[in-house]
Structures are given as structure tokens and as C-alpha cells.
Student: 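Provided herewith is a single structure, encoded as C-alpha cells, for subsequent inquiry.
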Amino acid sequence: MYFSKKSILAADYLRLSREDGDKLESDSIRNQRSLINDFVKQHPEITLVDEYIDDGYSGTNFERPAFKRMIEDVKKKKINCIIVKDLSRLGRNYIETGRYLEKIFPFLGVRFIAITDHYDSAAESDDADQIIVPFKNLINDAYCRDISIKIRSQLDVKRKNGQFIGSFAGYGYLKDPKNKNHLVIDEYAADIVRLIFHLKLDGYSSQRIATRLNEMGVLPPLEYKRSCGMKYNSGFRSGKNPKWAVTTVNRILTNELYTGTMVQGKNRKINYKVKECRPVEEENWIRVEKTHEAIIAEEIFQYVQSLLELDTRTAPEEESVYLFSGFLRCGDCGQNMIKRSTTKKGKRYYYYHCSTYKNGDGCSSHLISEKSVYEVVLDAVQRQVSLLVEAEKIIQRSGIDNYKKTELVSIEKQLIALHDEVERYKDLKVHLYQDMLDNVVSREEYHEYNRRFTDKLHSAENAKRELEKKKEKVSIEGKREHPWIEDFKRYQTITQLDRKAVVTLIDKIIVYGKDRLEIQFKYADEIQEMMEVAQNIKETEEMKGGFRCGA
């Protein structure tokens with residue numbers, strides 16, 4: 001290819017990205033420009049007409065604004081020569097870089113010069129060039145792949161250490177000015193997050209919550225970040241008049257970040273050449289607890305998650321859902337009970353019946369009035385709370401500040417008994433052997449008794465191991481606080497049911513008929529365990545004659 005001295009209109013192309021690692025200084029934009037300018041001074045036949053800079057763009061693909069603009073100028077005949085510091089500045093993708101060098105540039109009549117690689121497409125090439133240039137491109141590609149793997153590994157280490165690596169903190173938080181990998185609470189946004197969760201507990205649907213926030217004039221997350229001076233952008237379009245939407249509310253309600261738990265690694269790039277990300281299976285997400293201050297208590301967050309799973313519907317012209325919406329189940333088919341109303345003599349009555357029966361798929365109506373459900377549930381809640389408070393008093397009166405410690409004492413006694421049993425069978429086996437030597441028992445009797453003692457020994461040892469595991473578990477639990485107890489005690493004087501009380505205390509209500517309901521409370525196992533501990537203490541005190549009811 002031949003260019004006359006007057007026709008060489010060149011452009012210097014400069015590129016730099018984070019993938020350059022420890023070569024950052026030598027590959028800086030300033031150094032690239034200086035090297036190219038020195039080269040042009042030594043070649044007066046070349047005239048620099050423009051400069052194209054892609055600062056912060058990867059060489060793994062050619063989707064770079066300055067590069068694309070340069071190619072358009074080539075097509076417009078503004079330039080016919082491209083100069084770079086080295087081949088890696090053009091690109092690190094072996095296949096694409098080769099395509100530009102061997103097909104696109106020759107087709108467009110472009111002379112390409114890579115200074116430090118001593119490559120000039122206008123020079124006569126030999127067999128060595130045919131091998132060396134593709135080989136260098138391959139090395140650049142491999143280098144980029146290696147850097148990508150190292151960066152990904154470093155980021156995973158940070159994730160596993162609970163360090164935040166995102167560009168922007170989630171709504172309700174800010175990056176700590178002292179440590180960009182740590183989050184601190186943004187008080188204004190955190191108050192909005194708390195409001196959203198509390199409204200949900202009060203029975204508001206996500207749509208009603210969004211409407212309430214819009215009526216209050218609260219900026220949605222994206223606009224709020226921008227109002228704080230952040231150059232924040234996301235894949236969600238806000239439009240000309242940004243408003244809170246159901247999807248925005250639900251993303252906040254399901255975000256575990258607000259409990260103080262960092263969850264990262266939900267998406268991963270396909271590979272170092274493709275920017276698109278693919279979702280990662282939930283079991284492979286990286287979760288680290290207590291990495292930052294919580295905005296929402298774990299118990300409240302879990303209550304809300306259970307609410308989101310319920311089949312709830314907002315009552316017409318009401319702000320919140322029905323009191324028992326999502327909690328009532330048919331005792332026979334297990335499906336939801338549906339609320340209906342009827343009017344008699346000008347008065348409206350509400351009742352529930354089985355959804356399976358309504359759809360004509362079998363079952364029976366299980367018809368029950370809302371009033372009956374309300375009265376039975378309120379009575380059950382009052383009695384359950386009363387029993388729990390009394391059980392706690394009995395336990396505390398015994399001098400134990402945590403009911404788990406009583407269970408721990410019981411386990412300790414059982415372990416002592418099992419230890420003695422193990423030692424006893426060991427002694428029996430030793431004495432049995434001596435009895436055989438002394439001809440007290442025959443060899444056949446020895447083998448028979450030895451087998452029995454061995455079985456008993458192994459059984460006791462297995463029981464001891466299982467009990468030691470249980471002891472460890474109970475010991476850990478005993479050191480924890482039990483906030484669910486406070487949740488129940490908060491309703492000691494309850495006289496009316498509201499949505500928050502139902503959500504906080506009840507797991508489900510099973511309807512078998514108009515006269516029979518089964519109410520399953522949350523933390524049923526823990527409640528039963530605490531009741532049994534209190535009962536054991538009470539029986540022990542009564543045997544000693546020291547228990548006085550209500551003392």
C-alpha cells in the first residue's frame with residue numbers, strides 16, 4: 001500500500017482502562033500522547049489532524065465512543081492513518097483486533113501504526129510479521145483474561161468479607177466517607193424505609209404505599225440520589241414526572257440489606273469479553289450478616305416477607321387489606337377462605353367460605369361469620385399471651401433469667417447419667433473378661449454377655465454424642481435474646497384486634513366449621529418449650545411445698 005507524503009492524514013488513538021493494572025503510569029493518556037507526538041515529529045510526511053480518546057474503556061470490545069467516531073471519520077475520508085502506542089491500545093480481543101488489522105482497515109484504505117510494537121501496515125511485511133502480530137494480539141487477549149480473573153477473585157474476597165463493592169449504596173444508606181466499602185445510615189431515606197415497612201405491617205398494599213408516598217411528595221430513590229448530587233443512573237426509566245411505583249416499594253420490602261446483612265453476587269458477567277450479566281442461583285449469593293447498622297429489625301423483616309407471600313387483597317375503598325386476609329385456611333382442602341357479605345333487613349353481615357367450594361371444585365362451604373372468627377381469635381390471643389406471661393414469671397421467680405438455661409441444666413444431668421452408664425459397661429466388660437480367665441463364666445457365655453454389654457455401651461455413647469450436640473445448640477440459643485417474647489407481651493392488655501397484631505402473633509387460622517377453629521401461633525415450638533419448662537418448675541415447687549400461685 002502506498003501513500004503520498006501529502007495524503008497521510010493521521011489520528012492518534014489513545015485508550016486507558018482499569019484492566020491495565022500496574023501499567024497505569026506507562027500507559028497513561030499523557031504518556032501515550034507524548035510518545036505519538038515524538039513519533040510524528042520524526043515523520044514529517046504524517047500530519048496529525050485529530051485525536052480520539054477512550055479513557056476508562058476496556059479493550060475487550062470495540063463498543064467505545066471515541067473509537068466508533070474515529071471509524072466514522074475514516075469512512076468520511078477525514079483520516080487515512082491511525083497511530084497507537086501499541087497493539088493493546090487498539091484492543092485486547094484477539095479475534096476482533098485481528099479482524100480490524102487484516103480486513104477492515106485494509107478495506108477502508110487505512111494505514112495503521114503501532115509504535116512500540118514496530119508495526120506499520122504500509123511497510124512491506126515478511127513471514128515473521130504474519131506470525132508475530134497475531135501472536136502479540138493473542139498475548140494481549142490472554143493478559144486481559146488473566147486480569148479479569150484476578151479482579152473477579154479480588155471482588156469475591158471483598159464480598160465474602162462483607163465489604164460493599166457497588167458504585168452506589170442502596171436507598172437508606174450512604175457510603176462511609178472514611179471507608180467506601182462500608183455503609184452508614186442516611187437518616188432521611190432510612191425514615192422512609194421504616195415508614196414503608198410499618199405501613200405494610202398495618203395492612204397497606206404496595207400500591208397504596210406507593211400512592212401514600214407520592215401524596216406526601218417523597219422523591220423516589222433514583223430522583224432522591226440525583227437530588228443529593230449523585231450522578232446515579234439505573235436500568236429503570238423514571239419518565240418526566242417520577243413517582244413511587246409498586247415495583248420500587250416491593251424492591252425495598254424484600255431487600256435484606258435493611259437488616260444489616262450484605263447480599264452481593266446476585267449477577268455475574270458472562271465472561272471478560274461480554275458485558276451482559278446473568279443472574280446467579282440464590283444459593284450461590286454471597287451473604288454476610290451484621291456488616292452495617294440495620295434499619296429494620298430482623299423480626300419485622302421476616303413478618304413482612306410472610307405477608308408478601310400471603311394472598312391478600314385490599315378492601316374496596318379502604319387503605320388496608322381485610323383483618324384476616326391471607327390467614328384463613330379451609331381445614332379440609334387447605335385453600336384460602338374468601339370473604340363475602342350479605343344484607344338482611346338493611347344490615348350488612350360478613351362471612352367467610354372455602355374458595356374451593358365457591359369454584360365448584362368440591363369440598364364444603366365451611367361457612368363462618370367474621371364476627372365469630374374475630375371473637376374466637378381475640379380470646380385465643382388473650383389467653384395465649386396470659387399463659388406466656390405467667391410462664392415467664394414462674395421461670396424468673398425460680399431465679400433463671402432465660403428459660404433455655406433450665407433446659408441446659410436438664411441436659412447436664414442427663415449427660416452425667418449417660419457418662420456413668422458408659423463407664424459402668426466398660427467396667428462390666430473388663431470384669432467379664434477376668435471372670436472368663438478365672439473360669440467363672442464359659443467362653444460361650446463370655447461372648448454372649450460381651451456382645452450385650454458392647455451393644456449397651458455403643459447405645460449409651462451414641463446417646464451421649466447426640467445430647468452433647470443438643471447441649472451446644474441450646475447453649476448458643478440460651479445466649480441469645482428472644483424478641484418474640486416481647487412481641488407477645490406487648491399485647492398483654494389487648495382488647496381489640498388489628499392487622500399488626502394478627503401479623504405479629506399468628507401464623508395461620510384453620511377453619512373446620514362454624515364452631516371449630518384452630519389458631520396456629522408463630523413460634524409455636526418455642527412457646528411449647530417455655531410452657532413445659534414453667535410446668536416442670538411449678539411441679540417441682542409444689543412437691544417442695546414452696547409454690548404459691550400468683551406469688
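Note that the numbering runs from 1 along the sequence shown for the chain.
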Student: Can you tell if the side chain of Val193 reaches within under 4.5 Å of the side chain of Asn255, non-hydrogen atoms only?
Tutor: no

Student: Do Thr254 and Gln305 touch side chain to side chain, with heavy atoms closer than 4.5 Å?
Tutor: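 Yes. Closest side-chain heavy atoms under 4.5 Å.
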
Student: Pick from Leu253, Ile252, Thr247, Val246: which one makes a side chain to side chain contact (heavy atoms under 4.5 Å, CB included) with Val249?
Tutor: Leu253

Student: Does a salt bridge link Glu72 with Arg69, judged by any charged N lying under 4.0 Å from a carboxylate O?
Tutor: no

Student: Any chance you could lay out the side-chain contact (heavy atoms from CB on, under 4.5 Å) test for Ile82 and Leu90, step after step, and finish with the verdict?
Tutor: CA-CA 10 Å; Ile82 297 173; Leu90 175 65; 5.7 Å; no

Student: Taking Tyr57's backbone N and O only, do any of them form a donor-acceptor pair with Arg15's side chain (distance below 3.5 Å, no angle check)?
Tutor: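 Pair found, side chain donor or acceptor close to backbone of Tyr57.
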
Student: Dump the intermediate steps for salt bridge (Lys or Arg N to Asp or Glu O under 4.0 Å) on Glu223 and Arg226, then the final yes or no.
Tutor: CA-CA 5 Å; Glu223 294 305 316; Arg226 288 176 178 170; 3.3 Å; yes

Student: Do Ile71 and Phe105 have side chains that approach each other closer than 4.5 Å (heavy atoms only, starting at C-beta)?
Tutor: yes

Student: Could you measure the distance from the CG atom of Asp361 to the OG1 atom of Thr356? Nearest 0.5 Å is fine.
Tutor: 6.5 Å

Student: Could you label the plane-to-plane angle of the Tyr100 and Phe67 rings as parallel, tilted or perpendicular, counting under 30° as parallel and over 60° as perpendicular?
Tutor: perpendicular

Student: Please report the shortest heavy-atom distance between Thr291 and Thr261, naming the atom on each side.
Tutor: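 In this case the closest contact between Thr291 and Thr261 is OG1-C, 4.4 Å.
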
Student: So do the side chains of Lys243 and Pro220 get within less than 4.5 Å of each other, counting heavy atoms only?
Tutor: no

Student: Taking NZ, NE, NH1 and NH2 as the nitrogens, is one of them in Glu96 or Arg99 under 4.0 Å from a carboxylate oxygen of the other?
Tutor: yes

Student: At their closest point, which heavy atom of His292 faces which heavy atom of Leu257, and how far apart are they?
Tutor: NE2-O, 2.8 Å

Student: Would you call Arg499-Asp202 a salt bridge at under 4.0 Å N-O?
Tutor: no

Student: Please report the interatomic distance NZ(Lys85) to OG(Ser34), rounded to the nearest 0.5 Å.
Tutor: 11.5 Å

Student: To the nearest 0.5 Å, how far apart are NZ in Lys500 and OH in Tyr303?
Tutor: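 Between atom NZ of Lys500 and atom OH of Tyr303 there are 11.5 Å.
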
Student: Angle class for the Tyr258/Phe197 ring planes (parallel below 30°, perpendicular above 60°, tilted otherwise)?
Tutor: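 The arrangement is perpendicular - the two ring planes meet at more than 60°.
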
Student: Taking Asn61 for its side chain and Glu63 for its backbone only, find out whether a donor-acceptor pair lies under 3.5 Å.
Tutor: yes

Student: For Tyr224, check ring-ring contact (aromatic ring centres under 6.0 Å, His included) against everything at least two apart and list the hits.
Tutor: Tyr171, Tyr188

Student: Lys200 and Ile209: which non-hydrogen atoms are nearest, and at how many Å?
Tutor: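 Taking Lys200 first and Ile209 second, the nearest heavy atoms are N-CD1, 3.9 Å.
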
Student: Before you tell me yes or no, could you show the steps for Thr211 and Trp244 under side-chain contact (heavy atoms from CB on, under 4.5 Å), namely the whole-Å CA-CA distance, both residues' side-chain angles and the distance that decides it to 0.1 Å?
Tutor: CA-CA 7 Å; Thr211 301; Trp244 281 86; over 6 Å; no

Student: Would you indicate whether Gln520, at its atom CD, is surrounded by more than 12 heavy atoms from other residues, nucleotides or ligands within a distance under 6.0 Å?
Tutor: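 Counting neighbours around CD of Gln520, more than 12 heavy atoms of other residues, nucleotides or ligands fall under 6.0 Å, so yes.
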
Student: Could you state the interatomic distance from CG (Asp55) to CZ (Arg64), rounded to the nearest 0.5 Å?
Tutor: 12.5 Å

Student: Would you please test Thr504 and Leu201 for side-chain contact (heavy atoms from CB on, under 4.5 Å) and show each step?
Tutor: CA-CA 8 Å; Thr504 303; Leu201 286 176; 5.6 Å; no

Student: For Gly326 and Arg329, work out which heavy atoms get closest and say how close.
Tutor: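 Scanning both residues completely, I find the closest heavy atoms to be O-NH1, 2.9 Å.
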
Student: Got a donor-acceptor contact below 3.5 angstrom from the Ser206 side chain to the Asn250 backbone?
Tutor: no

Student: Answer with yes or no whether the side chains of Asn336 and Ser355 bring together a donor and an acceptor at under 3.5 Å.
Tutor: no

Student: Side-chain contact test, heavy atoms from C-beta onward, threshold under 4.5 Å: evaluate it for Phe112 versus Leu87 and give yes or no.
Tutor: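 Of all side-chain heavy-atom pairs linking Leu87 with Phe112, at least one is under 4.5 Å.
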
Student: Can you tell me if CD on Gln302 sees more than 12 non-hydrogen neighbours from other groups inside 6.0 Å?
Tutor: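 It does: Gln302 CD has more than 12 such atoms within range.
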
Student: Are Leu222 and Thr248 close enough that some pair of their side-chain heavy atoms sits under 4.5 Å apart?
Tutor: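 They are not in side-chain contact.
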
Student: Do you know the tightest heavy-atom contact between Arg33 and Asp12?
Tutor: CG-OD2, 4.4 Å

Student: To the nearest 0.5 Å, how far apart are CG in Leu467 and NZ in Lys469?
Tutor: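 Nearest 0.5 Å value for the CG-NZ distance: 11.5 Å.
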
Student: What's the shortest heavy-atom distance between Tyr173 and Ala169, and which atoms?
Tutor: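 Closest heavy-atom pair between Tyr173 and Ala169: O-CB, 3.5 Å.
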
Student: Is there a side-chain contact between Leu195 and Leu213 in this structure, where contact means two heavy atoms from C-beta onward sitting under 4.5 Å apart?
Tutor: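 A side-chain contact exists here, since the closest heavy-atom pair is under 4.5 Å.
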
Student: Pair Lys78, Leu9 - check side-chain contact (heavy atoms from CB on, under 4.5 Å), show working.
Tutor: CA-CA 7 Å; Lys78 291 183 179 180; Leu9 304 176; over 6 Å; no

Student: So Asn161 and Asn181, do their side chains get closer than 4.5 Å, heavy atoms only?
Tutor: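 A side-chain contact under 4.5 Å is absent here.
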
Student: Do the side chain of Asp86 and the main chain of Arg89 share a donor and acceptor less than 3.5 angstrom apart?
Tutor: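 Side chain of Asp86 to backbone of Arg89, a donor-acceptor pair under 3.5 Å: yes, one is there.
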
Student: If only side-chain N and O atoms count, and only distance matters, is there a donor-acceptor pair under 3.5 Å linking Tyr52 with Asp73?
Tutor: yes

Student: Which residue pairs satisfy the salt bridge (charged side-chain N to carboxylate O under 4.0 Å, His left out) criterion with at least one member in residues 171-198, sequence neighbours excluded?
Tutor: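 Passing the test, one end in residues 171-198: Asp191-Arg194.
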
Student: Any sub-3.5 Å donor-acceptor pair from Gln264's side-chain atoms to Gln163's backbone N or O?
Tutor: yes

Student: Could you measure the distance from the CD atom of Glu51 to the CG atom of Asn37? Nearest 0.5 Å is fine.
Tutor: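 These two atoms lie 7.5 Å from each other.
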
